[in-house]
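All values below come from the heavy atoms of this structure, side chains included, with hydrogens, waters and symmetry mates left out. Quick caveat: nothing in here was measured; it's all calculated off a predicted structure.
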Amino acid sequence: MVKCAVVGAKGYTGCELIKLLAQHPQVNLSFLADQDDTPQNACELIANLPQDKQLEIKKFDYDTVVKSCDVIFLALPHTKSIDFVSKLSKEEGKIIIDLSADFRLKDITMYKKWYNTKHTAPALVSEAVYGLPELYRKEVKKATIIANPGCYPTAIILGLSPLLKRGLINTNSVIIDAKTGVSGAGRNATQKNHFCEVYENFQSYKINAHQHMPEIEEIISAVAQKKIAITFVPHLLPILRGILASIYVEKNDSITADTIYGAYEEDFANEPFVRLMTRGQYPQTKNVEGTNYCDIGIYVDNASSRVIIISAIDN
């Protein structure tokens, strides 16, 4: 059994992580922690946690985490993980999986630009592996610091990677129209995610200014082995959870629809969490809610050379 800790266990991400890990046959949840002083039974926050799981979320204690765990998940807000990782990385044999954006970007100047703070552990950034197993499985297996991908990037990178790695599309025109459920904003209430603001409403936000843009561009550029800039328009849906990304690209001349479909079939045939839709069928958020799946559907318009990729995950 792998002994795991979750730090930041009371947030939406932490609760979802606990729910997944509690069902894993090879995981022992040995310590759940939050920076909140008040202990709380995890079942009070996670209604569908298995009844035999009596798990208490306690105040974070560094020594307890180190002594009781092999793998440490950090479900902390962006910019808050750096100090934790800096300290924990010195503990030999510990694997750290950070669910914030603090170790995703290799270019720390971009981190400062998009997260408005200087990165204080650049050496650890170079050690961190981007934790998307469909692209970096071999590297993840050997890593001690794993940067968990963002929600929008997961849906978009998986949707684009088969075409980019084979040079099948025009990389000068990548347009992404993506929608997310309200829970993606986290547990803390703001005016934008308040029920009265979201209910019966649909709006775009952070047009070409979302903090996930540099992450998407960095990874897809690495996949394509050339610099790619995207047009990215995120929207807020009046639903609790789910992401649906519609990605518009142009296929290169002479590339057939069969070649396009074949690229996805080849890359994802043995990937347990990527589900390719039958031709003519397209993803829906309700089919990925509460799952680890990324559903992908492809439409090829031969008349316009346009390829439309629809990708859905649970945010």
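Here Leu29 contributes atom CG and Phe73 contributes atom CZ; the two are 8.5 Å apart, rounded to the nearest 0.5 Å. Separation of atoms OG (Ser81) and CG (Leu124) is listed at 12.0 Å; rounding is to 0.5 Å. Atom CD1 of Ile216 and atom CG of Leu160 lie 9.0 Å apart (nearest 0.5 Å). Interatomic distance, OG of Ser126 versus NZ of Lys106, reported as 6.5 Å (0.5 Å rounding). A distance of 4.5 Å separates CD1 of Ile146 from CD1 of Ile97, quoted to the nearest 0.5 Å. How far CD1 of Ile255 is from OG of Ser305: 10.5 Å, rounded to the nearest 0.5 Å.
Side-chain contact check for Ser304 and Asp301: at least one donor-acceptor pair (N or O, by modelled atom type) lies under 3.5 Å. In the model, Tyr111 has a side-chain atom that pairs as donor or acceptor with a side-chain atom of Asp102 under 3.5 Å. No hydrogens or angles considered: a donor-acceptor pair under 3.5 Å links the side chains of Gln211 and Lys206. Counting only N and O atoms by type, the side chains of Glu218 and Tyr130 include no donor and acceptor under 3.5 Å apart.
Among all heavy-atom pairs drawn from Gly159 and Ile309, the shortest one is O-CG2, 3.6 Å. Here the closest heavy-atom approach between residue Gly8 and residue Leu76 is recorded as CA-CD2, 4.0 Å. Closest approach of Asp34 and Ala9 over heavy atoms only: OD2-N, 3.4 Å. Of all heavy-atom pairs spanning Ala5 and Cys69, the tightest one is CB-SG, 3.1 Å. The shortest non-hydrogen separation linking Asp258 to Arg279 is OD1-NH1, 3.1 Å.
Annotation: Gln225, atom CD; neighbour count of heavy atoms from other residues, nucleotides and ligands within 6.0 Å does not exceed 12. Other residues, nucleotides and ligands contribute more than 12 heavy atoms inside 6.0 Å of the OH atom of Tyr136. Around atom CG of Asp253, no more than 12 heavy atoms belonging to other residues, nucleotides or ligands sit under 6.0 Å away. In Asn270, the CG atom is not crowded: 12 or fewer heavy atoms of neighbouring residues, nucleotides or ligands sit closer than 6.0 Å. Counting heavy atoms of neighbouring residues, nucleotides and ligands inside a 6.0 Å radius, atom NZ of Lys94 exceeds 12 of them.
Side-chain N or O atoms of Lys251 include none that pairs as donor or acceptor with a backbone N or O of Thr256 at under 3.5 Å. Proximity of a side-chain donor or acceptor of Ser30 to a complementary backbone N or O of Ser68 within less than 3.5 Å is detected. Under the 3.5 Å distance criterion, the side-chain polar atoms of Ser89 are matched with a main-chain donor or acceptor of Ser86. A donor-acceptor pair is defined here as one N or O able to donate and one able to accept, closer than 3.5 Å; such a pair exists between the side chain of Gln23 and the backbone of Lys19. Lys118 places no side-chain N or O within donor-acceptor distance of the main-chain N or O of Ile108, the cut-off being under 3.5 Å. Checking side-chain atoms of Asn28 against main-chain N and O of Lys3 turns up no donor-acceptor pair under 3.5 Å. Counting only distance, with no hydrogens or angles, the side chain of Gln40 and the backbone of Glu56 share no donor-acceptor pair below 3.5 Å. The backbone N or O of Gly150 lies less than 3.5 Å from a partner atom in the side chain of Thr154, making a donor-acceptor pair. Checked by atom type and distance alone, the side chain of Ser100 never pairs as donor or acceptor with a backbone atom of His78 at under 3.5 Å. Between the side chain of Asn252 and the main chain of Gly167, a donor-acceptor pair closer than 3.5 Å is present.
With a 4.5 Å cut-off on side-chain heavy atoms, Phe202 and Lys179 count as touching. With contacts defined as side-chain heavy-atom distances shorter than 4.5 Å, the pair Asn148/Asp98 does not qualify. The shortest distance between side-chain heavy atoms of Met277 and Pro283 falls below 4.5 Å. Leu32 is not listed as a side-chain neighbour of Lys58, based on a closest heavy-atom distance of 4.5 Å or more. Side-chain contact between Ile96 and Leu74 is present, with at least one heavy-atom pair separated by less than 4.5 Å. Looking at heavy atoms from C-beta onward, Ile298 lies in side-chain contact with Val300 at the 4.5 angstrom threshold. A heavy-atom distance below 4.5 Å is not found between the side chains of Ile72 and Ile95. Two residues are said to be in side-chain contact when any heavy atoms from C-beta on lie closer than 4.5 Å; Val27 and Met1 fail this criterion.
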Task: Verdict with supporting geometry, Val288 and Thr291, side chain to side chain contact (heavy atoms under 4.5 Å, CB included) - done: CA-CA 5 Å; Val288 294; Thr291 78; 3.9 Å; yes

Task: Worked verdict on Glu271 versus Arg137 for salt bridge (Lys or Arg N to Asp or Glu O under 4.0 Å) - done: CA-CA 11 Å; Glu271 293 296 345; Arg137 179 169 281 107; 2.8 Å; yes

Task: Full working for side chain to side chain contact (heavy atoms under 4.5 Å, CB included) between His210 and Tyr205 - done: CA-CA 8 Å; His210 193 282; Tyr205 69 104; 3.7 Å; yes

- [ ] In sequence, state the C-alpha distance, the side-chain angles, and the governing distance for His119 and Ile82, and then conclude on side chain to side chain contact (heavy atoms under 4.5 Å, CB included).
- [x] CA-CA 8 Å; His119 205 293; Ile82 297 174; 3.9 Å; yes

Task: Criterion side chain to side chain contact (heavy atoms under 4.5 Å, CB included) on Ile296 and Phe268, from CA distance to verdict - done: CA-CA 10 Å; Ile296 298 175; Phe268 297 137; 3.9 Å; yes

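A salt bridge links Asp267 to Arg166: one of the charged nitrogens lies within less than 4.0 Å of a carboxylate oxygen. Ion pairing between a basic and an acidic side chain is recognised when a charged N comes within 4.0 Å of a carboxylate O; Asp107 and Lys113 show no such pairing.
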Between side-chain atoms of residues 226-250 and protein atoms elsewhere (two or more places apart, or another chain), which donor-acceptor pairs fall under 3.5 Å?
| residue | atom | partner | partner atom | Å |
| --- | --- | --- | --- | --- |
| Lys226 | NZ | Thr171 | OG1 | 3.1 |
| His235 | ND1 | Asp177 | OD1 | 3.2 |
| His235 | ND1 | Ala178 | O | 3.2 |
| His235 | ND1 | Val233 | O | 3.3 |
| Arg241 | NE | Asp314 | OD1 | 3.3 |
| Arg241 | NE | Asp314 | OD2 | 2.9 |
| Arg241 | NH2 | Glu16 | OE1 | 3.2 |
| Arg241 | NH2 | Glu16 | OE2 | 2.9 |
| Arg241 | NH2 | Asp314 | OD2 | 2.8 |

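A cation-pi contact links Lys87 to Tyr62, judged by a cut-off of 6.0 Å to the six-membered ring centre and 45° from its axis.
When hydrophobic clusters are built by joining Ile, Leu, Val, Met, Phe, Trp and Tyr residues whose side-chain heavy atoms come closer than 4.5 Å, directly or via intermediates, Leu158 is not grouped with Tyr293. Hydrophobic clustering places Met110 together with Ile219 (ILVMFWY residues linked when any side-chain heavy atoms are closer than 4.5 Å, directly or through intermediates). Hydrophobic clustering of Ile, Leu, Val, Met, Phe, Trp and Tyr side chains at less than 4.5 Å, counting indirect connections, unites Ile175 with Ile308.
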